[in-house]
Amino acid sequence: MNVENIVLDYCRRAAEALYGAQNADLQVSKTRREFVGDYTLVTFPLLRLSHKNPEQTAQELGEWIGANCPEVKSFNVIKGFLNIELGEKFWIEVLQNIQAAENFGFGAPTGRTVMVEYSSPNTNKPLHLGHVRNNLLGYSVAKILQAAGNKVMKVNLVNDRGIHICKSMIAWQRYGNGETPASSATKGDHLVGNYYVAFDKAYKAEIAELVAGGMAEEEAKKEAPIMREASAMLLKWEAGDKSVRDLWATMNGWVYDGFDVTYKEMGVSFDKIYYESQTYLLGKKLVEVGLEKGVFYRRADGSVWIDLTSDGLDEKLLLRADGTSVYMTQDLGTALSRYEEFGFDDMTYVVGNEQNYHFTVLKLILKKLGYAWSDAIYHLSYGMVELPEGKMKSREGTVVDADDLMASMVEEARVMSSELGKLDGLSEAESFAVSRKIGLGALKYFILKVDPRKTMLFNPAESIDFNGNTAPFIQYTYARICSLERKAGQAESVDLKVAISSLDDKEIEIVKLLAEFPATVVAAAADHSPAVVAAYAYEMAKLYNQYYHEHPILREGVSASDRALRLSISLVVARVILSAMSLLGIEMPDRM
RNA sequence: GGCGCCGUAGCUCAACUGAAUAGAGUAUCUGACUACGGAUCAGAAGGUUCUGGGUUUGAAUCCCAGCGGUGUCACCA
């Protein structure tokens with residue numbers, strides 16, 4: 001089904017027949033628009049074997065292919081490039097195959113088990129724009145890997161313990177007066193986040209006071225009463241103190257309720273949720289193993305380290321002197337227990353690029369411990385989302401809250417739709433559903449179309465476009481095809497079974513692009529990049545819009561056969577667009 | 001400072017493992033069939049791919065140096 005590979009195969013056969021090239025490293029790419037042809041072979045790599053100049057080589061190859069491959073209609077040579085054009089019959093067949101395919105674009109089962117860890121929030125504050133990128137990426141990558149034929153497991157590792165939660169707890173005890181999400185009508189994660197901010201405010205005030213009293217700043221940071229309280233609470237938590245654990249469970253519960261709402265609105269989900277409070281002791285066994293193997297070493301104070309200086313890295317702590325584990329130890333342990341439980345072939349961590357070093361070290365340590373599956377770990381290291389003023393800083397209040405952002409996107413979509421009169425005749429519930437799909441779709445596409453690895457800029461003032469390379473543009477294209485289908489159905493005038501006898505240039509262009517969908521999914525999966533799928537969906541929608549403009553379907557004077565062909569092409573396009581967008585987690589309205 | 005990542009139209013982003021004249025969108029300007037749904041389509045204009053060297057038949061892409069930005073260098077996660 002992958003046409004590019006078919007053509008590549010022709011070229012391989014030609015190169016072998018003419019020059020005896022075995023498995024030559026050939027590249028075939030799409031022919032650039034300004035030249036005639038569908039696919040292009042770059043002949044430079046073959047010159048060493050052909051001992052001829054690029055033009056002659058291309059000419060010979062072209063003639064061989066023309067003579068031996070009946071699907072090829074023509075070829076032409078420009079400089080060292082051999083352009084190959086496939087015949088109309090070939091494309092008709094491709095179109096028919098796509099029409100008949102059950103799950104077009106979705107790969108056959110690979111038998112591989114793939115884990116994707118994403119989201120992994122702290123429980124002391126609500127989700128913000130950075131988390132949005134994380135969640136959307138994780139969810140979409142999981143869907144893409146699944147579409148490529150893998151068995152996928154989405155996991156979330158919630159950081160539910162530590163000093164940061166204690167800070168919220170202390171502040172709540174001091175200033176909360178028993179406030180609950182119910183009593184204050186505040187979403188739980190926001191409520192707890194408010195106390196985290198309250199802690200920071202009180203903490204700063206106390207430091208200032210101590211400094212004014214003559215204490216050095218460094219010392220004041222440690223001696224501030226509220227910080228001492230938080231540290232003491234963490235110790236109590238670790239000792240299992242009942243009242244601390246109860247409060248901890250209650251406040252975390254509020255946060256989870258809040259997160260659930262956010263996750264649901266965002267449309268993401270997980271197959272398994274890990275809690276760090278249950279995994280933080282993992283990895284200690286691994287430390288023993290490492291010590292036995294001599295990979296780790298113990299210092300005089302009892303702490304355990306690994307020396308990575310010979311690999312150009314630092315020394316890394318793995319166990320504190322008091323015997324408690326650190327982040328790295330936990331992650332090592334979690335990875336091992338996951339491998340033992342699920343035997344993954346690929347373990348993708350969707351984590352910001354600020355943790356690049358951590359994952360480099362993680363993989364290296366596992367390798368040194370002798371775990372070959374260390375290579376299966378992939379850190380999908382995404383870039384930060386920046387605001388025009390620079391990085392988001394929760395302490396400076398320059399965060400873009402996830403809930404607020406989603407709500408404002410939906411609202412903006414509603415206003416715009418209603419101005420355009422798109423919501424006329426729809427019930428309140430229907431308009432809301434449509435606005436929601438458009439607003440959230442715009443947001444998701446805006447984030448996912450960017451290469452995950454790159455830092456991206458989000459300008460709240462300019463907000464998100466609804467025209468151009470956006471989800472609403474693609475959704476609109478889709479909704480219009482749905483409308484055509486409804487009308488054609490009512491008219492009962494279109495018989496889709498009419499045999500396809502010819503395709504014009506634009507139609508061939510569409511079929512060509514349609515045929516690329518499976519390869520796009522595979523490439524996106526290999527690359528762990530939804531951006532590839534987004535680009536494809538846009539390209540498809542754009543091309544179809546051009547086609548739509550030039551090819552009337554339900555207007556008078558269109559012959560029955562043209563009508564059938566155009567409508568069936570439209571329906572296939574709609575199906576593929578729907579599939580592609582679903583890989584991005586974007587819902588498609590059938591009217592908008 | 002050590003290590004890493006990034007630098008492409010005014011702006012936001014593309015360009016698969018090096019390949020033909022570096023592409024879209026947006027903003028600006030000009031147009032489009034009596035709107036099968038105009039959130040559409042066509043066109044114009046917009047570039048020394050940060051700078052300087054190098055490798056190559058060929059460099060935005062690979063190598064070196066510099067400049068600018070950013071991340072990290074916690075017994076936080």
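Computed from a predicted model, the values in this text were never measured in an experiment. The sequence lines fix the lettering, A, B, ..., with proteins before strands; numbering per chain opens at 1.
Between A:Leu420 atom CG and B:A35 atom P there is a gap of 17 Å when expressed in whole angstrom units. Remark: P of B:A77 and NE2 of A:His379 are 17 Å apart, rounded to the nearest angstrom. If you measure from atom CG of A:Leu319 to atom C1' of B:C76, you get 16 Å, rounded to the nearest angstrom.
Within the shown strands, nothing qualifies as a pairing partner of B:C16 under the Watson-Crick or G-U definition with both distances less than 3.5 Å. With a cut-off of 3.5 Å on both pairing distances, the Watson-Crick or G-U wobble partner of B:U51 is B:A65. Nucleotide B:U70: paired with B:G4 (Watson-Crick or G-U wobble, both distances less than 3.5 Å).
Applying the 3.5 Å distance criterion, the base of B:A20 shares a donor-acceptor pair with the side chain of A:Asn83. Donor-acceptor pairing under 3.5 Å, judged by distance alone, is absent between the side chain of A:Thr477 and the base of B:A39. For A:Ser29 against B:A19, no side-chain N or O and base N or O form a donor-acceptor pair under 3.5 Å.
Using atom P as the reference point in both B:A44 and B:U57, the two lie 37 Å apart (nearest Å). If you take atom C1' in B:U28 and the same atom in B:C11, they sit 12 Å apart, rounded to whole Å. B:U8 and B:A15: their C1' atoms are spaced 10 Å apart (whole Å).
Of the candidate nucleotides B:C6, B:G38, B:U21, B:G38 has the atom lying nearest to any side-chain atom of A:Tyr476. Closest approach to the A:Tyr357 side chain among B:U72, B:A39, B:A77 is made by B:U72 (side chain taken as heavy atoms from C-beta onward). Here the side chain of A:Leu484 is nearest to one of B:U21, B:C75, B:C36, namely B:C36.
Residue A:Arg555 places at least one side-chain N or O under 4.0 Å from the OP1 or OP2 atom of B:C36.
Across all strands, A:Met456 comes closer than 4.0 Å only to sugar-phosphate atoms, never to a base (heavy-atom distances). Using a 4.0 Å heavy-atom cutoff across all strands shown, A:Lys542 reaches sugar-phosphate atoms only and no base atom.
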### Message
One pair to check against side-chain hydrogen bond (donor to acceptor under 3.5 Å, both in side chains): A:Tyr357 and A:Asp314. What are the steps and the verdict?
### Response
CA-CA 10 Å; A:Tyr357 185 73; A:Asp314 299 319; 3.3 Å; yes
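Remark: ring of A:Tyr548 does not overlap the six-membered base ring of B:C41 in a stacked fashion, as centroids less than 5.5 Å apart with planes less than 30° apart are not both met. Taking the 5.5 Å centre cut-off and the 30° plane limit, the aromatic side chain of A:Phe44 is classed as stacked on B:A19.
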